[in-house]
Amino acid sequence: MRRMVAPGTSSLPVAARVHGFSYAIRNIVAEAKKVEASGRKVKYLNIGDPIEFGFRTPPHLVEAVARAMRDGHNGYTPSPGIAEAREAVAREFTTRGLPTAADRVILTSGTSEGIELALGALVNEGDDVLVPVPTYPLYTAVLAKIGARTVFYRTDPNRQWLPDLDHLESLVGPRTRALVVIDPNNPTGAVYPAEVRRALIALAERHQFVLLADEVYADLGYDGPTVPLGSLAPDAPIISFSSLSKAYLAPGWRAGWLAVGRSPRMDDVLAAIKKLADGRLCSPGPMQYAITAALTGDRSHQLEFRNALRARAEVTTTRLNAIPGMRCVAPRGAFYAMPQVALPPGRTDQDFVLGLLREAGVLCVYGSGFGTDPAGGFFRVVYLAAPSELAEIYDAIASFASRFLGR
Ligand SMILES: Cc1ncc(COP(=O)(O)O)c(C=O)c1O
C-alpha cells in the first residue's frame with residue numbers, strides 16, 4: 001500500500017537564474033502598493049506607458065485590429081509574421097535609408113521579444129555583451145537569464161549622456177558578442193549625433209561583433225524622427241528593433257519587429273532568430289495588421305505627441321535644475337529624464353527614491369535599477385503627466401529633496 005504523504009509546507013525550489021533577473025521598474029511597485037494601503041495616494045512616474053497618462057492610440061490602428069478580428073484573422077500567423085506587415089516594415093526602413101528585404105524582418109511581441117530572440121540567437125553562456133550604463137534593464141535581465149555577462153560602458157552626464165567611446169573600446173574582449181545601442185535613450189533621453197553613431201559602427205566593424213540598435217523611440221526625437229543606425233552603414237552587422245508601443249501609443253498590443261542587416265555575414269544570425277521564433281509560434285496576430293496600418297497610414301498624431309513631450313521635457317529640466325542639490329541633463333527625445341542628487345554621505349539612490357515615495361507619494365525608479373552606482377544619486381523620472389500635474393509633482397520633489405539633502 002502506498003503511504004500517504006502529507007502536503008509539504010516548505011516552498012518548492014525555483015531556478016537559480018531567477019535570482020539574477022531583476023526589473024526595478026516593476027519591482028518597486030510593490031513598495032508603492034504598501035504606501036497606498038496606508039492611505040496615501042501615489043503618483044506613478046515609474047513606467048513609460050503613455051496610455052496611463054491619457055494619450056490615446058490612433059483610432060485607425062484600433063480599427064485595423066478590430067477589422068482583422070472581425071475578418072477572422074484570429075489564428076496563428078506564420079512565425080515571422082504576416083507578409084503584408086513584414087513588407088511594410090521593410091519599406092519603412094528602406095524609405096529611411098536602410099534598404100531592407102521583407103525576408104529579413106520578423107514581427108515580435110514588442111521590442112522586448114525581439115531583444116530576447118536576438119540575444120538568444122547570438123550569445124552563449126559566459127559571453128560578454130556591451131550594454132550602456134544607465135541602461136534599459138531588460139538587457140541585463142535577459143543576459144542574466146542566459147548566463148552571459150553584462151559589460152557596462154559609461155555614458156556621460158557631463159556630455160549629454162553620450163557614450164564614452166574610449167571606455168567602451170577598452171572593454172572589448174575575446175568573448176564580446178554584441179553591443180547594445182539605445183538611441184533615443186531610455187533612461188537618459190539622449191539622442192546620439194551622427195559622428196557618435198558612426199564611431200559605434202566602426203567599433204563593431206573593427207572587432208567583428210553585432211550591433212543591437214534599440215530604436216523604439218526613433219520617432220520621438222524632439223528635432224524629428226532619427227534615422228535608423230543601419231542607414232549610416234547598410235552593410236554593417238546591425239539588428240534594428242522597434243514597435244508600436246511608444247510612437248504609435250499601443251504598448252499593450254505587444255506589436256513589434258526586428259530587421260536583420262543585409263550583409264551575408266548576418267545570414268546565420270537571421271536563420272537562428274527565425275528558428276527560435278518558430279518555437280513561440282507567432283506574435284499577437286490581429287495586432288500585426290495594425291503594423292501595416294501604422295506604417296502606411298496617417299501619422300499626424302506623432303507631431304502632436306512630440307510637441308507634448310517637448311513641453312513636458314522643458315518643465316522637467318527647468319524645475320528639477322532649480323532644486324538645490326539636483327541637476328538634470330535636458331532630454332532630446334522620448335519621455336525620460338535621469339536627474340542626479342548630491343546624496344548625503346552614506347545614503348543611496350534607493351534611500352532617496354523610497355523616501356520620496358513614502359513621504360511625498362511620488363514613485364520614481366532609482367538609478368541603480370538601471371545599473372548606475374547607488375551612491376551616484378541618480379533616479380529616473382517619466383514625464384508623461386500633464387505639465388500642470390508635473391509642476392505639482394516637482395514641487396513635492398523639491399520639498400522632499402530639501403529635507404533629505406539638508407539644503
Ligand atoms: C529602450 C527600450 N527598449 C525596449 C522597450 C520595450 O518596448 P516594447 O513595448 O516594444 O517591448 C522599452 C520600453 O520601455 C524601452 O524603453
Side-chain angles (χ1 to χ4, degrees), residues 19-32 34-35 45-47 129-141 143-144 149-168 170-171 180 182 185-190 316-317 319-331 336-360 362-383 393-394 396-407:
H19 303 309
F21 191 97
S22 165
Y23 194 84
I25 298 170
R26 291 204 179 228
N27 295 352
I28 196 166
V29 172
E31 277 311 310
K34 283 188 213 156
V35 171
L45 303 191
N46 62 313
I47 198 154
V129 175
L130 297 160
V131 173
V133 65
T135 184
Y136 178 62
L138 181 67
Y139 290 96
T140 35
L143 291 170
R149 207 163 65 105
T150 297
V151 179
F152 280 133
Y153 64 92
R154 280 194 299 266
T155 62
D156 184 356
N158 297 317
R159 290 183 49 248
Q160 311 296 315
W161 284 115
L162 297 182
D164 178 337
L165 297 168
D166 293 332
H167 183 237
L168 174 51
S170 76
L171 299 170
V180 173
I182 307 170
N185 190 274
N186 173 13
T188 65
T316 300
T317 318
R319 294 297 307 273
L320 293 182
N321 278 319
I323 298 174
M326 192 174 293
R327 62 170 194 156
C328 180
V329 176
Y336 309 97
M338 193 77 169
Q340 181 180 28
V341 284
L343 289 173
R347 307 306 296 275
T348 66
D349 55 3
Q350 263 201 62
D351 296 335
F352 180 82
V353 162
L354 290 176
L356 182 64
L357 169 65
R358 290 172 187 146
E359 289 183 37
V362 176
L363 180 66
C364 297
V365 184
Y366 38 89
S368 47
F370 304 91
T372 59
D373 179 352
F378 291 101
F379 64 104
R380 188 190 74 167
V381 175
V382 174
Y383 53 79
I393 290 167
Y394 298 142
I397 293 182
S399 67
F400 170 75
S402 90
R403 287 195 302 282
F404 189 92
L405 305 178
R407 293 194 185 223

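The ring pair (Phe, Tyr, Trp, His ring centres under 6.0 Å) test applied to Phe379 returns Phe352, not counting sequence neighbours. With sequence neighbours excluded, no residue satisfies side chain to side chain donor-acceptor pair (under 3.5 Å) with Asp166. A search for ring pair (Phe, Tyr, Trp, His ring centres under 6.0 Å) contacts involving Phe378 returns Trp161, not counting sequence neighbours. For Gln350, the side chain to side chain donor-acceptor pair (under 3.5 Å) test picks out no residue, with sequence neighbours left out. Looking at residues two or more places apart in sequence or on another chain, you find a side-chain contact (heavy atoms from CB on, under 4.5 Å) between Ser368 and Asp349, Tyr366, Pro374. Partners of Ala32 under the side-chain contact (heavy atoms from CB on, under 4.5 Å) rule, at least two apart in sequence or in another chain, are Val42, Tyr44, Leu357, Leu363. Listed by chain and residue number, Asn185 satisfy the side chain to side chain donor-acceptor pair (under 3.5 Å) test with Thr188 (two or more places apart in sequence, or in another chain). Applying the salt bridge (Lys or Arg N to Asp or Glu O under 4.0 Å) criterion to Glu359, with sequence neighbours excluded, gives Arg403. Scored by the salt bridge (Lys or Arg N to Asp or Glu O under 4.0 Å) test, Asp373 finds no partners at all (sequence neighbours excluded). Here Tyr139 pairs with nothing under the ring pair (Phe, Tyr, Trp, His ring centres under 6.0 Å) rule; sequence neighbours left out. Checked against salt bridge (Lys or Arg N to Asp or Glu O under 4.0 Å), Asp351 has the following partners two or more places apart in sequence or in another chain: Arg347. Checked against side chain to side chain donor-acceptor pair (under 3.5 Å), Thr316 has the following partners two or more places apart in sequence or in another chain: Tyr394.
When every heavy atom of Ala401 is checked against every heavy atom of Ile323, the shortest pair comes out as CB-CG2, 4.0 Å. When all heavy atoms of Leu405 and Pro344 are compared, the closest pair comes out as CD2-CD, 4.0 Å. The two atoms that bring Pro157 and Val329 nearest to each other are O-CG2, 3.3 Å, heavy atoms only. Between Val133 and Gly371 the shortest heavy-atom distance is CG2-O, 3.1 Å.
Shown are Pro187, Pro134, Pro339, Cys364; of these, the side-chain contact (heavy atoms from CB on, under 4.5 Å) with Arg380 is made only by Pro187. Of the listed residues (Leu171, Thr372, Thr140), just one forms a side-chain contact (heavy atoms from CB on, under 4.5 Å) with Phe152, and that residue is Thr140.
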CA sep, side-chain torsions, deciding dist, call: Leu45, Ile393, side-chain contact (heavy atoms from CB on, under 4.5 Å): CA-CA 10 Å; Leu45 303 191; Ile393 290 167; 3.6 Å; yes
Test side-chain contact (heavy atoms from CB on, under 4.5 Å) applied to Arg358 and Glu31, step by step: CA-CA 9 Å; Arg358 290 172 187 146; Glu31 277 311 310; 2.9 Å; yes
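Put simply, OH on Tyr336 and CZ on Phe370 are 8.5 Å apart, with the number rounded to the nearest 0.5 Å. Taken to the nearest 0.5 Å, the CG atom of Leu168 stands 5.5 Å off from the CG atom of Leu130.
Annotation: side chain of Tyr153 is not in contact with side chain of Ser170 (no heavy-atom distance under 4.5 Å). The shortest distance between side-chain heavy atoms of Val381 and Leu320 falls below 4.5 Å. Taking 4.5 Å as the limit, some side-chain heavy atom of Ile397 sits within range of a side-chain heavy atom of Met326. Contact of the Arg327 side chain with the Asn321 side chain is registered, since non-hydrogen atoms from C-beta on lie closer than 4.5 Å.
Remark: the backbone N or O of Ala375 is not paired with any side-chain donor or acceptor of Thr348 at under 3.5 angstrom. A donor-acceptor pair under 3.5 Å is absent between the side-chain atoms of Gln160 and the main chain of Ala190, judged by distance alone. In terms of modelled atom types and a separation under 3.5 Å, the side chain of Asp156 and the main chain of Leu162 share no donor-acceptor contact.
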